[in-house]
Amino acid sequence: MDIFDFSDGREGYYGEYGGVFLPEILHATIEELLECFRECKADPKFWQEYVTLLQNYSGRPTPLTHLENLSRELGGAQIYAKRDDLNHTGSHKVNNVMGQGLITQRLGKKRVIAETGAGQHGFATATMAAKFGFDCKIYMGAVDVARQRPNVFWMENLGAEVIAVEDGQKTLKDAVNECMRDWVTNMADTHYILGTACGPHPFPEMVSWFQSIIGLEAREQIIKQAGRLPDRVFACVGGGSNAMGLFQGFIDEPNIELVGCEAGGEGVGSYMHSARLAYDDASVGVAQGYKTYFLQNDEGNMNETHSVAAGLDYIGVNPIFSHLHDTGRVRFEAATDAEVKETLKLTMRTEGLIPALESTHGFVVALKEAAKMRKDEIVLVNMSGRGDKDIFTIADALDDAKWKSFISGKADQYRAEKK
Amino acid sequence: MDIFDFSDGREGYYGEYGGVFLPEILHATIEELLECFRECKADPKFWQEYVTLLQNYSGRPTPLTHLENLSRELGGAQIYAKRDDLNHTGSHKVNNVMGQGLITQRLGKKRVIAETGAGQHGFATATMAAKFGFDCKIYMGAVDVARQRPNVFWMENLGAEVIAVEDGQKTLKDAVNECMRDWVTNMADTHYILGTACGPHPFPEMVSWFQSIIGLEAREQIIKQAGRLPDRVFACVGGGSNAMGLFQGFIDEPNIELVGCEAGGEGVGSYMHSARLAYDDASVGVAQGYKTYFLQNDEGNMNETHSVAAGLDYIGVNPIFSHLHDTGRVRFEAATDAEVKETLKLTMRTEGLIPALESTHGFVVALKEAAKMRKDEIVLVNMSGRGDKDIFTIADALDDAKWKSFISGKADQYRAEKK
Amino acid sequence: MMGLQSFIAERKKDKDLLVMAHVVCGYPSFEDNLKELEIMAEAGVDIVELQFPFSEPSADGPLFVRANEQSLKSGTTVDQCFELMAEVSERFSFKVLMMGYYNTAFKMGEDVFVQRLKAAGGVGFILPDLPIEEAGDLHKLAADAGIEPVILMTPTSSDKRLAQLGAASRGMVYAVARKGVTGSKTNMGDDVIALIERCREHTDVPIGVGFGVSSKQDMDFLRGHADMAIIGTAALKIWEQSGAEGLRAFFKEMMA
Amino acid sequence: MMGLQSFIAERKKDKDLLVMAHVVCGYPSFEDNLKELEIMAEAGVDIVELQFPFSEPSADGPLFVRANEQSLKSGTTVDQCFELMAEVSERFSFKVLMMGYYNTAFKMGEDVFVQRLKAAGGVGFILPDLPIEEAGDLHKLAADAGIEPVILMTPTSSDKRLAQLGAASRGMVYAVARKGVTGSKTNMGDDVIALIERCREHTDVPIGVGFGVSSKQDMDFLRGHADMAIIGTAALKIWEQSGAEGLRAFFKEMMA
Ligand SMILES: Cc1ncc(COP(=O)(O)O)c(C=O)c1O
Ligand SMILES: Cc1ncc(COP(=O)(O)O)c(C=O)c1O
């Protein structure tokens, strides 16, 4: 099954989802991008250049780790984690960003913009821009700027300008809108580095393509290490890029179950979550350039979303997943904030791994299901990022008293210095 | 030249440096360790197991990155960085720690202790202990606990107990003393995971052996990428483990210059530094189990040391380097705090890399010398760790106003929650 | 009922430059909307676009973004927007268009959207995030109902693209004077004239020019080139700064 | 001058358990040291180890660590320590040993160390971080000067090791009653007796037992097994808690 073969349907559509819903002024820009991307995709040298860049700069291939302790402790399936947390900048985001960096170069553009929620994508983009020598502006909701200062600090030190977006809910979706506004103004010299497999065609396809390196590697690795393919594959789903990346390695195997793990926030019925497909609260709509399931009200205005993981806290989901949800090829589950905190603690203590809060959503569901599977079954979960970037959030979530008093002490020190 | 061939001299001695200066009560323990280590070193299967562990868990081999932008900008030698920052837990420390984890297992011990300064080694040890299922206690100077709270937070969450050492200068050397005290009490079930190539024999040799994986990989990689061996090789030197690791790949090539980069702190004559070999302030002494150059006074009591990089802020240096300094095989230079800050900013903006403050010392000297070399010469520098762990220190060093106001805001939030 | 294109042709008989004005439904309030619209009617505005507020107004500039947001915050519903439209198209002589984002139409169903629009007296709609490729069904439903979709032509549109857009255009074309979002000043000059001329080559329907029209000079500049000037942000800015008095004076000057 | 071993043999004629006491030079002050030593002399202590403070006292427990630190902080020098030693060995009838870390000796030069020790009236030294493998030169220099190195035997020493240690032992052996650092309580029991017996098998010099000796019971326990009880932390603790009075009472009880 080639989900990107549009010869039977409409270009850029996955079932009834996807498309290009952009202001007319961007028509030429998106056409130019599509053409450039088609060339790159058709050119094996481009992919080779991309892989080499990631190998030499970002540490690919990332390893596959057998979580022997957790597997033993849960007494069920053998659990393997794909370690995209070991990428340069700390998450899978850098794969897509480096790929789009090459695209930007090919387009002859000198400036990049990006939205960011948790800051991971912005961090990766700022890094890529430094490496490629691009001007870089990162749009980030003011709420996220306030809570994710460490990432802002690094982005700025990497030479990017970070703009706090004060509109709307002041979070990720508002940063996306602000990118669109920048792009319709500066498309001549600017490429928009969209951070996940959402947005108008060809972004879902392009981001998925770059992220497919995760699945390619993982497939080879698990055959080598475990002797065969996994039975179930899990990944967290914000926009859906890390999950698309991993799933592409296994989607043609009908016996492998693919499970997308969304942010259940405070749970079913709370309306404080970001589960578009696992819960029943989302409906099909069109926003931010594409058609998919959105968490929106009856009139098509977006609802507030919530997750302990800023990177999953988003209204929409990639259109490919909306389609694969309809066809049943991918199952969607949700992990609640509370489950995420518990699983994070477990994973740290049992395996010495600190998954990002986003990635931990995948672990929650994977561990829950692995426990009920047979010992000779195999489960693969994507560790899309590392959690040490999340220290403020995690320390808050775990309500760590020593951390709080450290921060108070630091604040006192800064106050004293000022005098 | 095999620096570890003791057949001509005394076991554990490098020239006049090294040895074992431990309380008699540890004699049997250190003999047992030596024997176990000798077995492991002689057993190719052990090395294979070690490499596989690092590959599957920590992401080795780490890449070699050609710093094209910096090379172009400086107009001199081609600069390559060995990327040990991409290791799990963020530095080369994990190599040694995983190796000693295997040793601990072979010794049949169930508990590990470690000293830590910056927290990198403690973080790595806590991680290893979680993975291997060992009890773990980390000793850390109270001053370091206060300034490196993020690492303490992670160590604790990984299940380690972190003890703030209140003796002496309350920094790294005092944590080492405290480890010795724990070890003389609990040697029956406890292995002391020393974090650098210092301490009594066989630690300098053992740590160097585990870290030699850096040099093995780098040698192969630079031949592959640059077509030949480098002209000069740089690494920062705290205890000297990352430098020993890298240098071992090149030490047998007489034409390759090896340069150890120490912490110059506030500079020559300031007595606020940790340069044992690059400056003239150190003299030979015996402490913490071994004989080497120490920053000490005329009566053999240790001086206060200083560096912006906690991981270099140490009184002694590995005895192998004291010897290679005498023989002239390794040249030692120092980088000051001020130079480190400037080079860090440059590296971030130009290459999208955030070296740890420790590693940045190597970059300072490497960049300075590369600028004066020919374009067809090759320089290799070890990026032993990543700097995002250092956000509090770096933000302080760069005097970042937005960071400070973020911290104050956080403190206010915590205060408000309390009420 | 008269369609957009014939209405414009009719009005153009007496005027060399028609005016389209813009209101964000429910911002600052529906009462204020009515006051604004009254002033526009008095001033002789020819067409009004009523923007249905949307939570993700990514093609709008800061002023409209805030207006959309505030309106939704104060509880504005689609029903209320249609009610306003019905009242307005009944009471005033200008024609009324729905302006907004596609999701508003999509969520209620394209057929329902067209029916409700027609029922409320609207003659057309402007959906800036609905490109013609995605608009096939809606345009067909609209055509059946005698409702006209306003198509946007832009400075970045190639001739090939303008030809496609021209083929799909009905009622009028909205020529976007420059890149960017609504709200900032446009330097009216040769570029704008060139754009209008290029648009003309590809369509027979009247051409309105919008994005940044904010002064008497702009109006004078457009006269003789465009069929219509589209005044958006400038009017809202005046209203916010100096209320009904200011708005009255503004339109008086603009349409003098 | 009489060597350590013959001094012990001499004293053992009248006593079944000798006592070695410990003082950290310059802590709390040299004046206090003299007061303590006077009390010890009065009580009939046989040998005193004067600890030369070191910045890295890694074999010591918390109390001595702090004592080393405070002493250095208040400016204690090696010269002062030797001066104290000279004064004390002149004034009191007990014998004096230097106790400390090897770096103190190493830094001044092993030959200088031995000469100064001898000049100050010291009869031996205890350097817990100097294993016999590293002590060859120093032991030779000491032997030449009639100074005796006190060797430590421990519960973890194998028979083979005890044989090596025994062969190197001069003057007396310091049997370490348990694992760990100075300062905590030792459970005096069969283990300690077994250790003493094992030591005896490998050396002919007298055996002192230290680490945790802190009560009259401990003394009674050691009597008949060891030649000497070594009292370290316990005395300093008493001094800190209840000064000269306390210390006097403590030694009186211990040595009753
Ligand atoms: C570590 C990590 N994982 C996952 C995500 C979610 O994005 P996606 O669903 O596109 O992989 C994010 C987004 O910031 C992230 O930082
Ligand atoms: C990143 C990093 N580099 C270097 C060092 C210095 O240690 P060594 O000289 O043993 O490599 C440290 C110590 O903490 C470190 O964290």
Side-chain angles (χ1 to χ4, degrees), chain A residues 10-13 16 18-32 115 165-170 173-188 190 199-201 283-292 294-304 315-316, chain C residues 52-62 64-66 68-69 71-73 76-81 100-108 113 127-136 151-158 160-162 164-165 173-176 178-184 211:
Chain A
R10 287 170 66 195
E11 161 100 17
Y13 267 87
E16 55 166 313
V20 179
F21 295 84
L22 284 181
E24 185 59 36
I25 193 119
L26 283 173
H27 179 82
T29 306
I30 206 92
E31 286 286 309
E32 170 194 48
E115 86 291 349
V165 178
E166 299 283 356
D167 305 323
Q169 294 172 22
K170 308 184 203 304
K173 71 171 186 60
D174 309 291
V176 171
N177 292 333
E178 208 54 33
C179 279
M180 298 277 194
R181 293 180 191 120
D182 184 309
W183 208 23
V184 297
T185 314
N186 302 302
M187 69 287 253
T190 298
H201 184 64
S283 59
V284 182
V286 175
Q288 307 206 317
Y290 66 118
K291 186 189 288 186
T292 195
F294 284 102
L295 287 161
Q296 56 182 335
N297 66 17
D298 289 344
E299 305 207 327
N301 289 306
M302 299 301 144
N303 291 334
E304 232 175 283
I315 49 173
Chain C
F52 285 33
F54 181 50
S55 59
E56 316 304 314
S58 52
D60 280 292
F64 283 162
V65 168
R66 245 200 353 267
N68 273 266
E69 202 175 318
S71 176
L72 287 175
K73 220 174 234 165
T76 297
T77 62
V78 166
D79 283 354
Q80 290 173 321
C81 295
Y101 289 80
Y102 175 54
N103 204 38
T104 304
F106 177 80
K107 258 310 251 185
M108 77 183 78
F113 173 68
L127 297 172
D129 67 338
L130 185 69
I132 49 169
E133 286 75 11
E134 302 288 353
I151 280 178
L152 283 77
M153 292 183 171
T154 82
T156 63
S157 307
S158 64
K160 183 169 155 237
R161 183 66 179 169
L162 286 178
Q164 292 168 347
L165 295 171
V173 151
Y174 189 135
V176 176
R178 57 159 170 74
K179 296 173 194 167
V181 290
T182 57
S184 12
F211 273 54

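None of the values given here were measured: they were computed from a predicted structure.
Side-chain contact between C:Phe106 and A:Val284 is present, with at least one heavy-atom pair separated by less than 4.5 Å. Counting heavy atoms from C-beta on, the side chains of A:Val184 and C:Val181 come closer than 4.5 Å. Side-chain contact between A:Glu299 and C:Phe52: absent, with no pair of heavy atoms (C-beta onward) separated by less than 4.5 Å. Two residues are said to be in side-chain contact when any heavy atoms from C-beta on lie closer than 4.5 Å; C:Arg178 and A:Thr185 fail this criterion.
Distance check: A:Asn177 CG to C:Asp60 CG gives 10.0 Å after rounding to the nearest 0.5 Å. The distance from the OG atom of C:Ser58 to the CG atom of A:Asp174 is 11.0 Å, given to the nearest 0.5 Å. Atom CZ of A:Phe294 is separated from atom CG of C:Asn103 by 7.0 Å, given to the nearest 0.5 angstrom. Remark: C:Thr156 OG1 to A:Glu31 CD distance equals 11.0 Å, nearest 0.5 Å.
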Item to complete: Check step by step if side-chain contact (heavy atoms from CB on, under 4.5 Å) holds for C:Leu165 and A:His27.
Response: CA-CA 11 Å; C:Leu165 295 171; A:His27 179 82; over 6 Å; no
Fill in: Evaluation steps, side-chain contact (heavy atoms from CB on, under 4.5 Å), between C:Glu133 and A:Val20
CA-CA 8 Å; C:Glu133 286 75 11; A:Val20 179; over 6 Å; no
Worksheet item: Where do C:Arg161 and A:Glu24 land on the salt bridge (charged side-chain N to carboxylate O under 4.0 Å, His left out) test, with the steps shown first?
Response: CA-CA 10 Å; C:Arg161 183 66 179 169; A:Glu24 185 59 36; 2.6 Å; yes
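The shortest heavy-atom contact between C:Lys107 and A:Asn297 is CE-O, 3.3 Å.
Annotation: maximal heavy-atom pairing with chain C below 4.5 Å, among A:Asp167, A:Leu22, A:Asp182, A:Asn301, occurs at A:Asn301. By number of non-hydrogen pairs under 4.5 angstrom with chain C, the leading residue of A:Leu26, A:Val286, A:Ile315 is A:Val286. Between chain C and the options A:Gln296, A:Met187, A:Met180, the largest number of non-hydrogen pairs under 4.5 Å is found for A:Gln296. Your options are C:Val65, C:Ile151, C:Asp129, and the one with the most heavy-atom pairs under 4.5 Å with chain A is C:Asp129. With chain C as partner, the option from A:Cys179, A:Ala28, A:Ala287, A:Gly285 having the largest number of non-hydrogen pairs under 4.5 angstrom is A:Gly285.
At distances below 3.5 Å, at least one donor-acceptor pair connects side-chain atoms of C:Glu69 with backbone N or O atoms of A:Gly168. A donor-acceptor contact shorter than 3.5 Å is absent between the side chain of A:Arg181 and the backbone of C:Gly180.
Residue C:Glu134 touches chain A through both its backbone and its side chain, counting heavy-atom pairs closer than 4.5 Å. Only the backbone of C:Asp79 has a heavy atom closer than 4.5 Å to any heavy atom of chain A. For C:Pro57, the parts lying near chain A are the backbone and the side chain together; criterion is any non-hydrogen pair under 4.5 Å. The contact between A:Ile25 and chain C is made by backbone and side chain atoms together, counting heavy-atom distances below 4.5 Å. Heavy-atom distances place no part of A:Glu178 under 4.5 Å from chain C, backbone and side chain included. Neither the backbone nor the side chain of C:Arg66 has a heavy atom closer than 4.5 Å to any heavy atom of chain A. Residue C:Thr77 touches chain A through both its backbone and its side chain, counting heavy-atom pairs closer than 4.5 Å. Using a 4.5 Å cut-off between heavy atoms, C:Ser158 does not touch chain A at all. Interface residue A:Asp298: only backbone heavy atoms are found under 4.5 Å from chain C. In this structure, the portions of C:Phe54 lying under 4.5 Å from any heavy atom of chain A include both its backbone and its side chain. Neither the backbone nor the side chain of C:Leu127 comes within less than 4.5 Å of any heavy atom in chain A. Contact annotation for C:Thr76: only backbone heavy atoms (N, CA, C, O) come within less than 4.5 Å of a heavy atom of chain A.
Side-chain polar atoms of A:Lys173 and C:Ser55 form no donor-acceptor pair below 3.5 angstrom.
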